[in-house]
Amino acid sequence: MIKPTLVDQYLAIFLLLVVGVLFAAGSFVASATLGPKKKPSGAKVAPYECGIVPDKEPPSRFPVRFYLVAMIFIIFDIEIVFLYPFAVIFRQLGSFGLVEVLIFSVVVFVSLLYLVSTGALSWGPAKRLQSGMPSRTSESTITRITAEADGPSTHQAA
Amino acid sequence: MIAPALLSPLLGTEALFDQGVGWFVLVVVVIKVLVAFAVLMGAVILMIWFERKLISDMQSRIGPNRAGPWGLLQTLADGIKLFFKEDLIPDQSDRFVFKLAPYLALLPALLIFTVVPVGGIIVISGHPIQLQVADPPIGILLVLAMSSIAVYGVMLAGWSSGSKYPLLGSVRASAQMISYEAALGLTVVAVVLITGSLSTRRIVISQSPNFWDWNFFRLGVVPFILFMIAITAELTRPPFDLTEADSELVGGFNTEYSSLRFALFYLAEFMNTITMSAIVVTLFLGGPDGPIPRFIPTSDVWMPILWFLIKTFAFLFIYVWLRAALPRLRYDQLMDLGWKRLIPFTLAWLLLVAAFVLSGWWGLGIALAVVAAGFLLTRAFAVGQGREDLDQAVLPPIGRRVLPPQLLRTPPTAGDVGPGPGSEGAS
């Protein structure tokens, strides 16, 4: 009987990785061989805009809130990273481990409280703007659409 | 034999190689890997058919019924068709990253399945073989690591397309996936805590002796529910499918992909659904364990596998059911649920589990502390709501649209309406 070794466990994962890469690469080659080879027209390789010819550069900026979420995530991810070793040997550590993790969790929880109370995790539309919104009638919608449509077109004409 | 003497000094992994890898083990590993790959591909093909058929039944449609009996071969036909389609790379795109992204989406989906215990142990000519592709001691960490890497696939695909819908879809997707990953990680910690091991096989074995030893019951149903919510959001399945919200983002991050590159994203999505269902079964429902026969004493080969398949299938059904039944969340609702509800809740439940494992008195103390923390959090919500107002806001609010001044009920103050196309048009 062969003793179970670690290396064959990781070997299996590695082999599946290789099989996956080969499958993906192989299907790309097959697709390139079987697919049409004519050069696509300029309209085809243009960015997709629901059929409208794109007249603006592709966007390279997006709301800073997404970066903020990514940064906050790091704090919580690090917490999770520290919790795993604790969880594995929790029974050996006993009440000592619990107290340690409790202190640690309180620190993280306080940071969550701070984030929530500064509104850093709020994504909803601003309350002031909502109250400033008119009640929607068909007349107001027509006025709004006209105002919005006039904006860019007069801008372009100028 | 793989030459361990050659490799070990290079890798510095003498401990890994000192047993050596016999040819028998190697053959078994290769067979396992190939079988797992084939089964996964077959399962994905069936799953896509199943989802389409079930959802059309739920919506009083017929669904695919042309290719093969009951339309069973529809997915295969679609796949073959995609081979013959034009492979477009948009000229605004970052070509290398654009080509790399499908790999980054597919490979994590494949690798997660390796740690899922499918059945017991079979013995072939004296060699015990686990019915599981691999059982590394880090088991469940591999799942978390791979689901983190899957974020890159989605993010890079959208970013490299050089087009607005994919970018919006991928930015949303990455924020959503990392948000729910935190909650996901915290629920899994509770499972690890009660098992005392990261290995998926140990997790399954520890749930075996009695029916009420399933983590579903042992941890008190709540972590299971939280895990299901988090994993559905992590998979970006409905009702959390904001990343490919068809009505606003065309198709989300894979809008610019065509031909086989698109097929691989689709494949990865469904493969993730299947593997994550299997992971839920492994972590909370005892994996291959079933009422008859119990997983641990039995030496039966087929019944545990059957139980595993039944349970996994039940979750696949639930995912399709959710898609048919629930409307999509709004983005602020999604982020609120992830950050303000799930993360504090999972953390509190984890501490409760840890305390009650230790002793009842600790449990009681922590329960009181959790209630106090709940009150604090409610207060913080109230304070945070006020801060969404413009003049106190830390960040400019999302979705702020500059309205023409005559449309505002209250006359705008200075700084409330900035310069923008809307205000120009109104003047």
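A note on names: the letters A, B, ... follow the listed sequences, proteins ahead of strands, and every chain is numbered from 1. All values derive from a computational prediction rather than experimental measurement.
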Taking the side chain as C-beta and beyond, is there a heavy-atom pair between B:Ile89 and B:Lys99 under 4.5 Å? yes
Which atoms of B:Glu256 are under 4.5 Å from chain A, going by heavy atoms: the side chain, the backbone, both sets, or neither? side chain
Region of B:Leu376 in contact with chain A, defined by heavy-atom distances below 4.5 Å: both
Could you tell me if the side chain of A:Leu11 sits less than 4.5 Å from the side chain of B:Leu26, heavy atoms only? yes
With a 4.5 angstrom heavy-atom cut-off, which part of B:Arg261 approaches chain A: side chain, backbone, both or neither? both
Who wins among B:Leu82, B:Leu142, B:Ile343, B:Val188 for the most heavy-atom pairs under 4.5 Å with chain A? B:Val188
Chain A shares the most heavy-atom pairs under 4.5 Å, among B:Ala190, B:Gly196, B:Ala175, with B:Gly196
Non-hydrogen atoms of chain B under 4.5 Å away: do they reach the side chain of A:Phe90, the backbone, both or neither? side chain
Do B:Leu264 and B:Leu267 come within less than 4.5 Å of each other through their side chains, counting heavy atoms only? yes
May I ask you to check whether A:Phe14 and A:Tyr10 place their ring centers less than 6.0 Å from one another? no
Residue A:Ala25 versus chain B: region with a heavy atom under 4.5 Å: both
Determine whether the side chains of B:Ser259 and A:Ser31 contain a donor N or O and an acceptor N or O closer than 3.5 Å. yes
Any idea which of A:Val18, A:Ile72, A:Val88 has the most non-hydrogen atom pairs under 4.5 angstrom with chain B? A:Val88
Exceeds 12 heavy-atom contacts within 6.0 angstrom, atom NZ of A:Lys39: no
Which bit of B:Ala263 is near chain A, if near means a heavy-atom gap under 4.5 Å: side chain, backbone, both or neither? neither
Heavy-atom distance under 4.5 Å to chain B: side chain of A:Tyr114, backbone, both or neither? neither
Examine distances only and state if a side-chain atom of A:Arg91 and a backbone atom of B:Ile194 form a donor-acceptor pair shorter than 3.5 Å. yes
Considering only heavy atoms, which portion of B:Leu88 lies under 4.5 Å from any heavy atom of chain A: side chain, backbone, both, or neither? side chain
Between the side chain of B:Gln132 and the main-chain N/O of B:Val115, is any donor-acceptor distance below 3.5 Å? yes
Between A:Ser105, A:Gly20, A:Ser27, which shows the greatest number of heavy-atom pairs under 4.5 Å with chain B? A:Ser27
Where does B:Ile178 contact chain A at under 4.5 Å (heavy atoms): side chain, backbone, both or neither? both
Is A:Val99 close to chain B through its backbone or its side chain, or both, or neither, when contacts mean heavy atoms under 4.5 Å? side chain
Is it the side chain or the backbone of B:Lys32 that comes within 4.5 Å of chain A heavy atoms, both, or neither? neither
Heavy-atom distance under 4.5 Å to chain A: side chain of B:Phe84, backbone, both or neither? both
Are more than 12 heavy atoms from other residues, nucleotides or ligands located less than 6.0 Å from atom CZ of A:Phe104? yes
Side chain, backbone, both or neither: which part of B:Ala373 has a heavy atom under 4.5 Å from chain A? both
Chain B interface, residue from A:Leu102, A:Val108, A:Thr33, A:Val81 that has the most non-hydrogen pairs under 4.5 Å: A:Leu102
Would you tell me whether B:Trp339 and B:Ser179 have side-chain atoms, one donor and one acceptor, within less than 3.5 Å of each other? yes
When you measure from the side chain of B:Ser163 to the backbone of B:Pro166, do you find a donor-acceptor pair of N or O atoms at a distance under 3.5 Å? no
Which atoms of B:Val191 are under 4.5 Å from chain A, going by heavy atoms: the side chain, the backbone, both sets, or neither? neither
Toward chain B, the part of A:Leu16 with a non-hydrogen atom under 4.5 Å: both
So for B:Asp336, is it side chain, backbone, both, or neither that comes closer than 4.5 Å to the heavy atoms of chain A? side chain
Contact winner vs chain A - B:Asp87, B:Ile140, B:Leu111, heavy-atom pairs under 4.5 Å: B:Leu111
Short question: side chain of B:Ser199, backbone of B:Asp135 - any donor-acceptor pair under 3.5 Å? no
Heavy-atom pairs under 4.5 Å with chain A, option from B:Ser197, B:Ala354, B:Pro102, B:Ser174 with the top count: B:Ala354
For B:Pro136 against A:Ile13, the heavy-atom pair lying closest together: CG-CD1, 3.9 Å
Applying a strict 4.5 Å limit to non-hydrogen atoms, the region of A:Leu112 in contact with chain B is side chain
Taking atom CZ of A:Phe66 and atom OG of B:Ser170, what is their separation to the nearest 0.5 Å? 9.5 Å
Look at the side chain of A:Tyr84 and the backbone N and O of B:Gly185, then say whether any donor-acceptor pair between them is shorter than 3.5 Å. yes
Side chain from CB out, backbone as N, CA, C, O: work out which of these in B:Leu107 comes under 4.5 Å of a heavy atom of chain A, or both, or neither. side chain
Residue B:Leu168 versus chain A: region with a heavy atom under 4.5 Å: neither
Given heavy-atom pairs under 4.5 angstrom as the criterion, report whether the side chain, backbone, both or neither of B:Leu347 touches chain A. side chain
Counting only non-hydrogen atoms closer than 4.5 Å, does A:Gln92 touch chain B with its backbone (N, CA, C, O), its side chain (CB onward), both, or neither? neither
Decide yes or no for B:Val30 and B:Leu34: does some side-chain heavy atom of the first lie under 4.5 Å from some side-chain heavy atom of the second? yes
Among the options A:Ala70, A:Gly97, A:Ala24, pick out the one with the most heavy-atom pairs lying under 4.5 Å from chain B. A:Ala24
